Amino acid sequence: MFDFDKWQEIFDSIRRHKMRTFLTALSVWWGIFMLVILLGAGKGLENSALHNFEDDAINTLWIWSNRTSKPHKGLPAGRWVQMRMDDYEEIDNLEGVNMTSARYFPSGEYFITYKNKSLSFNVQCVHPEHEPIEKPRVYLGRFINDLDIEQRRKICVIGKLVVEEFFKEGQDPLGEYLTIRGVDYKIVGVFTESRDSEMRRLYLPVTTIQRIEGTDRVHSFTVEVGDADLAESQRIEERIRATLATRHNFDPEDTRAVGVWSGLEEFNEFKTTIGFIQLFIWFVGIGSIIAGVIGVSNIMLIVVKERTKEIGVRKALGATPGSIVSMILQEAIMLTSVAGYFGMITGLTLVYGINQFMLANDIEAEFFRDPEVSLTAVLSALIVLVVSGTLAGLIPALQAVRINPVVAMKG
């Protein structure tokens with residue numbers, strides 16, 4: 001049942017000690033506020049890193065050739081490993097490999113011409129599998145397909161920024177021709193990416209440019225390993241390295257001869273790092289909350305000391321231990337609940353205010369994106385805060401119960 005007189009006494013005590021109450025509430029407010037801000041910042045960092053992983057399939061291996069660093073079977077170190085199309089076919093048929101795309105970069109400058117305008121852009125020659133592996137988002141037309149590879153068609157898929165440089169707003173680029181080194185390529189698709197540098201790119205069928213340049217050389221491979229875990233991905237990497245070592249006569253232990261980058265390994269390292277960051281955030285945030293709770297406990301001890309005579313009189317007039325304890329606990333609970341609630345609201349308002357400001361002004365920070373806070377986590381922290389505040393008030397409350405009425409009234 002609601003005890004109006006008891007609450008009136010609590011508010012009267014707060015009014016008589018405004019500064020003390022304010023500083024105590026401030027410490028609790030600051031604890032939950034900092035926890036919310038740190039959680040939002042941690043999530044912004046995590047979202048930024050995850051966004052960078054969205055551009056490529058996570059379960060991928062990137063393979064490129066280099067110079068050997070060890071002699072092998074009488075052959076000297078320092079030889080270039082030159083991968084070719086038959087290496088692509090061999091790797092594509094290995095156990096555990098889901099799909100593969102070779103990549104070839106034409107030599108020299110890439111000046112692209114449309115009508116009377118010539119500009120320099122990046123050109124990559126790939127297989128159709130490049131689309132699900134590196135994930136360029138085609139929004140007009142299509143990507144390179146198997147017929148383009150088989151028939152060595154002179155077609156290209158171009159980035160959004162290439163379109164903006166060559167074509168007027170609203171003009172349809174599909175079906176138009178771009179000239180690359182005297183050869184005309186028909187535009188069959190337009191794609192977008194998260195990075196501007198990738199939208200200044202043109203994709204060509206790898207077999208087309210190889211035929212024009214009279215070569216079967218390949219500069220690198222991208223390999224997708226399906227749903228393999230990290231251990232299986234590493235075994236596939238070893239099979240690929242062993243296959244290339246056999247075909248090009250270099251030591252399989254020579255890691256410099258063929259470079260391999262694992263997207264899955266990188267992603268696991270990222271998850272571990274984020275896990276440590278989140279752990280650190282909770283450690284600091286909970287530490288701030290504990291400091292606030294200790295402040296509440298200290299203030300309650302002071303309140304009990306100041307009201308010793310009053311408590312003695314209450315006990316002499318028949319007040320039960322329960323009523324004494326509830327009076328002290330209610331003040332502690334009210335302080336932690338109100339201050340914690342406003343700390344949570346202020347923190348959430350600031351985090352989502354920053355998010356909306358970034359969205360409204362199209363701000364994309366490299367290491368901070370879409371800050372957000374789990375409401376469940378914050379509410380759980382608030383409940384823990386209130387429970388802790390209750391426990392913090394329990395010690396002074398029990399101390400108040402043990403006061404001897406006679407001694408208290410004499411003091």
Side-chain angles (χ1 to χ4, degrees), residues 55-57 60 62-65 82-89 91-92 99-115 117-167 171-224:
D55 288 343
D56 305 307
T60 56
W62 297 69
I63 300 117
W64 64 93
S65 58
Q82 293 192 351
M83 298 185 296
R84 303 191 180 279
M85 282 298 287
D86 51 0
D87 294 322
Y88 159 77
E89 294 165 1
I91 290 173
D92 196 43
M99 64 179 75
T100 310
S101 173
R103 297 204 302 175
Y104 178 78
F105 307 100
S107 58
E109 295 289 334
Y110 311 127
F111 279 102
I112 318 299
T113 302
Y114 177 72
K115 295 184 178 179
K117 191 173 185 179
S118 292
L119 296 169
S120 178
F121 292 101
N122 177 269
V123 174
Q124 289 192 17
C125 307
V126 298
H127 281 90
E129 287 77 11
H130 182 87
E131 183 181 16
I133 292 175
E134 198 163 337
K135 299 183 178 180
R137 295 180 287 277
V138 178
Y139 65 93
L140 281 179
R142 63 174 178 83
F143 198 69
I144 296 166
N145 61 31
D146 291 331
L147 280 178
D148 297 328
I149 297 294
E150 293 171 11
Q151 299 178 10
R152 297 177 171 85
R153 291 173 174 173
K154 297 181 179 66
I155 59 97
C156 63
V157 182
I158 65 176
K160 181 181 178 182
L161 296 183
V162 180
V163 174
E164 293 177 0
E165 292 285 357
F166 282 126
F167 300 95
Q171 183 181 355
D172 186 1
L174 298 183
E176 298 291 328
Y177 286 84
L178 298 178
T179 303
I180 306 173
R181 296 181 184 171
V183 179
D184 292 336
Y185 294 83
K186 183 179 180 179
I187 301 172
V188 298
V190 180
F191 69 91
T192 185
E193 285 271 14
S194 59
R195 302 184 185 94
D196 286 353
S197 60
E198 294 176 343
M199 288 192 286
R200 297 181 60 82
R201 179 180 296 170
L202 292 84
Y203 289 118
L204 278 59
V206 62
T207 52
T208 302
I209 202 72
Q210 285 178 328
R211 183 173 187 177
I212 290 172
E213 295 198 354
T215 183
D216 66 345
R217 187 180 175 187
V218 172
H219 291 103
S220 65
F221 300 114
T222 51
V223 177
E224 202 261 344

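What you see is a predicted model; the values in this text were computed from it and never measured. Count residues from 1 along the sequence.
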Worksheet item: To the nearest 0.5 Å, what is the distance between CD (Gln210) and CZ (Arg217)?
Response: 11.0 Å
Item to complete: Would you mind reporting whether Val138 and Glu131 have side-chain heavy atoms less than 4.5 Å apart?
Response: yes
Worksheet entry | Non-hydrogen side-chain atoms of Ile180 and Leu204 separated by less than 4.5 Å | yes
Item to complete: Mind checking the NE2-CZ spacing from His130 to Arg103? Nearest 0.5 Å is all I need.
Response: 6.5 Å
Worksheet, complete the sentence: Of all heavy-atom pairs linking Ile155 and Pro205, the shortest is O-CD, 3.3 Å
Fill in: Validation row: Glu129, Glu224 side chains within 4.5 angstrom (heavy atoms)
no
Worksheet item: What's the shortest heavy-atom distance between Gly159 and Phe191, and which atoms?
Response: N-CE2, 3.3 Å
Worksheet item: Are the side chains of Thr215 and Tyr104 in touch, meaning some heavy atoms are under 4.5 Å apart?
Response: yes
Discussion item. So Val218 and Asp87, do their side chains get closer than 4.5 Å, heavy atoms only?
Written reply: no
Item to complete: Quick one: pull up OG1 in Thr192 and CG in Leu161 and give me the separation to the nearest 0.5 Å.
Response: 7.5 Å
Worksheet item: If every non-hydrogen atom of Phe105 is compared with every non-hydrogen atom of Gln124, which pair is closest and at what distance?
Response: CE2-CG, 3.4 Å
Practice prompt. Return the minimal non-hydrogen interatomic distance between Ser101 and Ile133, and the atom names on each side.
Written response: N-CD1, 4.3 Å
Worksheet item: Counting distance only, does the side-chain N/O of Ser65 pair as donor-acceptor with the main-chain N or O of Gln82 below 3.5 Å?
Response: no
Discussion item. If you define the side chain from C-beta out and look only at heavy atoms, does anything of Leu178 sit under 4.5 Å from Ile112?
Written reply: yes
Fill in: Ring geometry between His127 and Tyr88 (parallel below 30°, tilted from 30 to 60°, perpendicular above 60°)
parallel
Worksheet item: Is the side chain of Thr208 donor-acceptor paired with the backbone N or O of Arg153 at a distance under 3.5 Å, no angle test?
Response: yes
Worksheet entry | Lys115 atom NZ, over 12 foreign heavy atoms within 6.0 Å | no
Fill in: Gap between atom CE of Met99 and atom OG1 of Thr60 - 0.5 Å precision
11.0 Å
Worksheet item: If you round to the nearest 0.5 Å, how far is CD1 of Ile212 from OG1 of Thr207?
Response: 9.5 Å
Discussion item. Would you say that Tyr139 contacts Lys160 through its side chain, given a criterion of any heavy-atom pair below 4.5 Å between the two side chains?
Written reply: yes
Worksheet item: Hey, which of Phe111, Tyr203, Phe166 is the one that makes ring pair (Phe, Tyr, Trp, His ring centres under 6.0 Å) with Phe121?
Response: Phe166
Worksheet item: So do the side chains of Leu140 and Ile187 get within less than 4.5 Å of each other, counting heavy atoms only?
Response: no
Discussion item. Quick check for you: to the nearest 0.5 Å, what is the distance between Ile158 atom CD1 and Glu165 atom CD?
Written reply: 11.0 Å
Discussion item. If you compare all heavy atoms of Glu193 against all heavy atoms of Met199, which two are closest, and at what distance to 0.1 Å?
Written reply: N-CG, 3.3 Å
Worksheet item: Which atom pair, heavy atoms only, marks the closest approach of Val157 to Arg142?
Response: CG2-O, 3.6 Å
Practice prompt. Carefully, step by step, assess Val162 and Arg201 under the rule side chain to side chain contact (heavy atoms under 4.5 Å, CB included).
Written response: CA-CA 7 Å; Val162 180; Arg201 179 180 296 170; over 6 Å; no
Worksheet item: Yes or no on side chain to side chain contact (heavy atoms under 4.5 Å, CB included) for Val206 and Val126, after CA distance, side-chain angles and deciding distance?
Response: CA-CA 5 Å; Val206 62; Val126 298; 5.7 Å; no
Worksheet item: Checking side chain to side chain donor-acceptor pair (under 3.5 Å) for the pair Glu176/Tyr114: CA distance, chi angles, key distance, verdict?
Response: CA-CA 9 Å; Glu176 298 291 328; Tyr114 177 72; 3.0 Å; yes
